[in-house]
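To start, the structure itself, in C-alpha coordinates.
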Amino acid sequence: MTTAYNQLSGRSIERVNTLVDGVFAIAMTLLVLDLRLPAESAESNHALWDQLAGLAPQLAAYALSFTMLATFWLALHTLLRLCSGSDRHLVWACLAFLFFVTTLPFTASVLADHMHLALAVGLYWFNLAMLGVCLAWVVAHVNRARLVDEEGQPGMVLVRRRLVLAQALYAVAALGALLNPVASIVALAVVQLFFVFSPRLPWRV
(Lines give C-alpha, C1' and ligand atoms only; values in the text may rest on other atoms or scores of the structure.)
Protein backbone atom coordinates (compact mmCIF):
# COMPACT_ATOMS: atom_id res chain seq x y z
CA MET A 1 0.00 0.00 0.00
CA THR A 2 2.83 2.44 0.84
CA THR A 3 4.56 1.77 -2.45
CA ALA A 4 1.31 2.23 -4.36
CA TYR A 5 0.65 5.54 -2.57
CA ASN A 6 4.17 6.82 -3.27
CA GLN A 7 3.68 6.04 -6.94
CA LEU A 8 0.41 7.98 -7.02
CA SER A 9 1.25 11.09 -4.99
CA GLY A 10 2.70 14.29 -6.39
CA ARG A 11 2.02 13.48 -10.03
CA SER A 12 0.52 16.82 -11.07
CA ILE A 13 3.09 19.34 -12.29
CA GLU A 14 0.28 21.88 -12.63
CA ARG A 15 -0.47 21.72 -8.89
CA VAL A 16 3.21 22.19 -8.12
CA ASN A 17 3.29 25.29 -10.31
CA THR A 18 0.17 26.65 -8.60
CA LEU A 19 1.68 26.17 -5.15
CA VAL A 20 4.95 27.77 -6.23
CA ASP A 21 3.17 30.82 -7.61
CA GLY A 22 1.10 31.22 -4.45
CA VAL A 23 4.02 30.97 -2.04
CA PHE A 24 6.15 33.38 -4.07
CA ALA A 25 3.26 35.87 -4.25
CA ILE A 26 2.84 35.79 -0.46
CA ALA A 27 6.58 36.05 0.23
CA MET A 28 6.93 39.00 -2.15
CA THR A 29 4.01 40.72 -0.44
CA LEU A 30 5.43 40.13 3.03
CA LEU A 31 8.60 41.96 2.03
CA VAL A 32 6.78 45.28 1.80
CA LEU A 33 5.43 44.99 5.35
CA ASP A 34 8.84 46.02 6.65
CA LEU A 35 8.33 49.47 5.10
CA ARG A 36 6.69 51.38 7.93
CA LEU A 37 6.90 55.03 8.89
CA PRO A 38 7.49 55.90 12.57
CA ALA A 39 4.41 55.92 14.79
CA GLU A 40 4.53 59.68 15.30
CA SER A 41 2.92 61.65 12.49
CA ALA A 42 5.06 64.14 10.53
CA GLU A 43 3.94 67.74 11.01
CA SER A 44 5.70 69.20 7.95
CA ASN A 45 7.04 68.24 4.54
CA HIS A 46 10.57 68.37 5.92
CA ALA A 47 9.70 66.03 8.78
CA LEU A 48 7.97 63.61 6.40
CA TRP A 49 10.98 63.69 4.09
CA ASP A 50 13.26 62.86 7.02
CA GLN A 51 11.04 59.92 7.93
CA LEU A 52 11.05 58.65 4.34
CA ALA A 53 14.82 59.06 4.12
CA GLY A 54 15.12 57.00 7.28
CA LEU A 55 13.49 54.13 5.41
CA ALA A 56 16.40 53.94 2.92
CA PRO A 57 17.85 50.69 4.39
CA GLN A 58 14.42 49.03 4.36
CA LEU A 59 13.77 50.22 0.79
CA ALA A 60 17.15 48.90 -0.34
CA ALA A 61 16.56 45.51 1.31
CA TYR A 62 13.05 45.39 -0.17
CA ALA A 63 14.21 46.12 -3.72
CA LEU A 64 17.10 43.65 -3.47
CA SER A 65 14.96 40.88 -2.00
CA PHE A 66 12.02 41.40 -4.36
CA THR A 67 14.30 41.00 -7.37
CA MET A 68 16.01 38.03 -5.70
CA LEU A 69 12.67 36.27 -5.30
CA ALA A 70 11.72 37.19 -8.87
CA THR A 71 14.97 35.65 -10.14
CA PHE A 72 14.45 32.43 -8.20
CA TRP A 73 10.81 32.24 -9.28
CA LEU A 74 11.89 32.55 -12.91
CA ALA A 75 14.51 29.84 -12.40
CA LEU A 76 12.07 27.35 -10.87
CA HIS A 77 9.34 28.25 -13.37
CA THR A 78 11.77 27.64 -16.25
CA LEU A 79 12.85 24.34 -14.74
CA LEU A 80 9.33 23.04 -14.11
CA ARG A 81 8.27 24.08 -17.60
CA LEU A 82 10.88 21.68 -18.99
CA CYS A 83 9.42 18.78 -16.98
CA SER A 84 7.01 16.40 -18.65
CA GLY A 85 5.64 15.26 -15.28
CA SER A 86 6.17 15.18 -11.54
CA ASP A 87 6.58 12.73 -8.65
CA ARG A 88 6.54 12.98 -4.86
CA HIS A 89 10.33 13.46 -4.66
CA LEU A 90 10.15 16.46 -6.98
CA VAL A 91 7.33 17.88 -4.86
CA TRP A 92 9.37 17.56 -1.66
CA ALA A 93 12.40 19.15 -3.33
CA CYS A 94 10.18 22.06 -4.39
CA LEU A 95 8.71 22.30 -0.89
CA ALA A 96 12.21 22.52 0.60
CA PHE A 97 12.95 25.29 -1.90
CA LEU A 98 9.73 27.10 -0.92
CA PHE A 99 10.66 26.83 2.77
CA PHE A 100 13.64 29.09 2.12
CA VAL A 101 11.50 31.35 -0.06
CA THR A 102 9.31 31.99 2.99
CA THR A 103 12.31 32.78 5.22
CA LEU A 104 13.67 35.48 2.90
CA PRO A 105 11.35 38.22 4.25
CA PHE A 106 12.81 37.55 7.72
CA THR A 107 16.46 37.57 6.63
CA ALA A 108 15.75 40.68 4.52
CA SER A 109 14.32 42.40 7.60
CA VAL A 110 17.41 41.48 9.63
CA LEU A 111 19.60 42.82 6.82
CA ALA A 112 17.67 46.10 6.65
CA ASP A 113 18.06 46.70 10.39
CA HIS A 114 21.71 45.61 10.63
CA MET A 115 23.39 46.56 7.36
CA HIS A 116 26.57 47.43 9.24
CA LEU A 117 26.97 43.89 10.60
CA ALA A 118 28.68 41.05 8.74
CA LEU A 119 26.46 38.49 10.50
CA ALA A 120 23.33 40.05 8.95
CA VAL A 121 24.87 39.81 5.47
CA GLY A 122 25.99 36.26 6.20
CA LEU A 123 22.49 35.24 7.30
CA TYR A 124 21.00 36.75 4.15
CA TRP A 125 23.57 35.01 1.96
CA PHE A 126 22.91 31.70 3.75
CA ASN A 127 19.25 32.05 2.77
CA LEU A 128 20.27 32.60 -0.86
CA ALA A 129 22.70 29.67 -0.70
CA MET A 130 20.01 27.32 0.61
CA LEU A 131 17.69 28.43 -2.19
CA GLY A 132 20.49 27.47 -4.58
CA VAL A 133 21.05 24.11 -2.85
CA CYS A 134 17.35 23.25 -3.02
CA LEU A 135 17.16 24.31 -6.66
CA ALA A 136 20.18 22.09 -7.37
CA TRP A 137 18.29 19.26 -5.64
CA VAL A 138 15.37 19.83 -8.00
CA VAL A 139 17.71 19.79 -11.01
CA ALA A 140 19.44 16.60 -9.84
CA HIS A 141 16.19 14.76 -9.21
CA VAL A 142 14.66 15.85 -12.50
CA ASN A 143 17.68 14.40 -14.30
CA ARG A 144 17.79 11.23 -12.21
CA ALA A 145 14.06 10.54 -12.62
CA ARG A 146 14.20 11.44 -16.32
CA LEU A 147 11.36 13.93 -16.01
CA VAL A 148 12.79 15.97 -18.89
CA ASP A 149 12.89 14.50 -22.39
CA GLU A 150 15.74 14.86 -24.87
CA GLU A 151 14.22 17.99 -26.35
CA GLY A 152 14.42 19.73 -23.00
CA GLN A 153 18.01 18.75 -22.16
CA PRO A 154 19.64 21.87 -23.70
CA GLY A 155 17.42 23.96 -21.45
CA MET A 156 18.53 21.94 -18.43
CA VAL A 157 22.16 22.68 -19.28
CA LEU A 158 21.40 26.42 -19.34
CA VAL A 159 19.57 26.22 -16.01
CA ARG A 160 22.52 24.44 -14.37
CA ARG A 161 25.04 26.93 -15.75
CA ARG A 162 23.00 29.90 -14.58
CA LEU A 163 22.52 28.37 -11.14
CA VAL A 164 26.25 27.77 -10.66
CA LEU A 165 27.13 31.26 -11.90
CA ALA A 166 24.55 32.94 -9.66
CA GLN A 167 25.58 31.09 -6.51
CA ALA A 168 29.28 31.71 -7.18
CA LEU A 169 28.71 35.45 -7.63
CA TYR A 170 26.47 35.68 -4.56
CA ALA A 171 29.13 33.91 -2.48
CA VAL A 172 31.91 36.21 -3.68
CA ALA A 173 29.78 39.29 -2.98
CA ALA A 174 28.84 38.02 0.49
CA LEU A 175 32.47 37.31 1.41
CA GLY A 176 33.10 41.03 1.11
CA ALA A 177 31.10 41.45 4.33
CA LEU A 178 34.20 40.34 6.23
CA LEU A 179 35.80 43.63 5.15
CA ASN A 180 32.85 45.96 4.63
CA PRO A 181 29.22 44.78 5.10
CA VAL A 182 27.70 47.76 3.25
CA ALA A 183 30.03 47.26 0.27
CA SER A 184 29.05 43.59 0.27
CA ILE A 185 25.37 44.51 0.03
CA VAL A 186 26.15 46.84 -2.86
CA ALA A 187 28.01 43.97 -4.56
CA LEU A 188 24.99 41.71 -4.10
CA ALA A 189 22.83 44.41 -5.68
CA VAL A 190 25.20 44.69 -8.66
CA VAL A 191 25.11 40.92 -9.14
CA GLN A 192 21.34 41.01 -8.95
CA LEU A 193 21.14 43.78 -11.55
CA PHE A 194 23.17 41.56 -13.85
CA PHE A 195 20.57 38.80 -13.59
CA VAL A 196 17.68 41.24 -13.94
CA PHE A 197 18.98 42.67 -17.23
CA SER A 198 20.78 39.49 -18.38
CA PRO A 199 23.20 41.10 -20.86
CA ARG A 200 24.63 39.02 -23.67
CA LEU A 201 27.87 37.28 -22.76
CA PRO A 202 30.51 35.51 -24.88
CA TRP A 203 29.29 32.24 -23.35
CA ARG A 204 25.74 31.07 -22.72
CA VAL A 205 24.34 31.33 -19.19
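Heavy atoms only: backbone and side chains are in, while hydrogens, waters and symmetry mates are out. For reference, positions follow the sequence shown, starting with 1.
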Show the nearest heavy-atom pair for residues [X] and [Y], with the distance to one decimal.
X      : Y      : result
Ser184 : Val121 : OG-CG1, 3.5 Å
Phe194 : Leu165 : CE2-CD2, 4.1 Å
Cys83  : Val142 : SG-CG2, 3.7 Å
Gln167 : Leu128 : NE2-O, 3.3 Å
Tyr124 : Ser65  : OH-OG, 2.8 Å

[atom1]/[X] to [atom2]/[Y] distance, rounded to the nearest 0.5 angstrom?
X      : Y      : atom1 : atom2 : result
Thr71  : Tyr170 : OG1   : OH    : 5.0 Å
Trp137 : Trp92  : CH2   : CH2   : 9.0 Å
Leu135 : Cys94  : CG    : SG    : 8.5 Å
Thr67  : Met28  : OG1   : CE    : 8.5 Å

Check your understanding: Tell me, which pairs form a side chain to side chain donor-acceptor pair (under 3.5 Å) where one or both residues lie in residues 147-159, sequence neighbours left out?
Key ->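 For residues 147-159: none.
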
Let me have the donor-acceptor pairs involving side chains of residues 36-48, under 3.5 Å, with sequence neighbours excluded, atom names and distances please.
| unit_1 | atom_1 | unit_2 | atom_2 | d |
| --- | --- | --- | --- | --- |
| Arg36 | NH1 | Leu33 | O | 2.5 |
| Ser44 | OG | Ala47 | N | 3.1 |
| His46 | NE2 | Asp50 | OD2 | 3.2 |

Same apolar cluster (I L V M F W Y, side chains within < 4.5 Å links), [X]/[Y]:
X      : Y      : answer
Phe66  : Phe24  : yes
Met68  : Val164 : no
Leu169 : Leu64  : yes
Val91  : Val148 : yes
Val196 : Ile185 : no

Less than 4.5 Å apart, any side-chain heavy atom of [X] and any of [Y]?
X      : Y      : answer
Leu52  : Leu59  : no
Leu147 : Ile13  : no
Leu119 : His114 : no

Check your understanding: Can you name the residues that form a ring pair (Phe, Tyr, Trp, His ring centres under 6.0 Å) with His141, not counting sequence neighbours?
Key ->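 With neighbours one apart ignored, the set is His89.
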
Show me the donor-acceptor pairs within less than 3.5 Å that the side chains of residues 95-110 make with the rest of the protein, sequence neighbours left out.
| unit_1 | atom_1 | unit_2 | atom_2 | d |
| --- | --- | --- | --- | --- |
| Thr102 | OG1 | Phe99 | O | 2.6 |
| Thr103 | OG1 | Phe100 | O | 3.0 |
| Thr103 | OG1 | Asn127 | OD1 | 3.0 |
| Thr103 | OG1 | Asn127 | ND2 | 3.3 |
| Thr107 | OG1 | Leu104 | O | 3.1 |
| Thr107 | OG1 | Asn127 | OD1 | 2.9 |
| Ser109 | OG | Asp34 | OD1 | 3.4 |

Atom pairs and distances, side-chain donor-acceptor, residues 173-181, under 3.5 Å, sequence neighbours left out:
| unit_1 | atom_1 | unit_2 | atom_2 | d |
| --- | --- | --- | --- | --- |
| Asn180 | OD1 | Val182 | N | 3.1 |
| Asn180 | OD1 | Ala183 | N | 3.1 |

Output a table of donor-acceptor pairs, distance under 3.5 Å, between side-chain atoms of residues 73-81 and any protein atom two or more places apart or on a different chain; print 'none' if there are none.
| unit_1 | atom_1 | unit_2 | atom_2 | d |
| --- | --- | --- | --- | --- |
| Trp73 | NE1 | Asp21 | OD1 | 2.8 |
| Thr78 | OG1 | Leu74 | O | 2.7 |

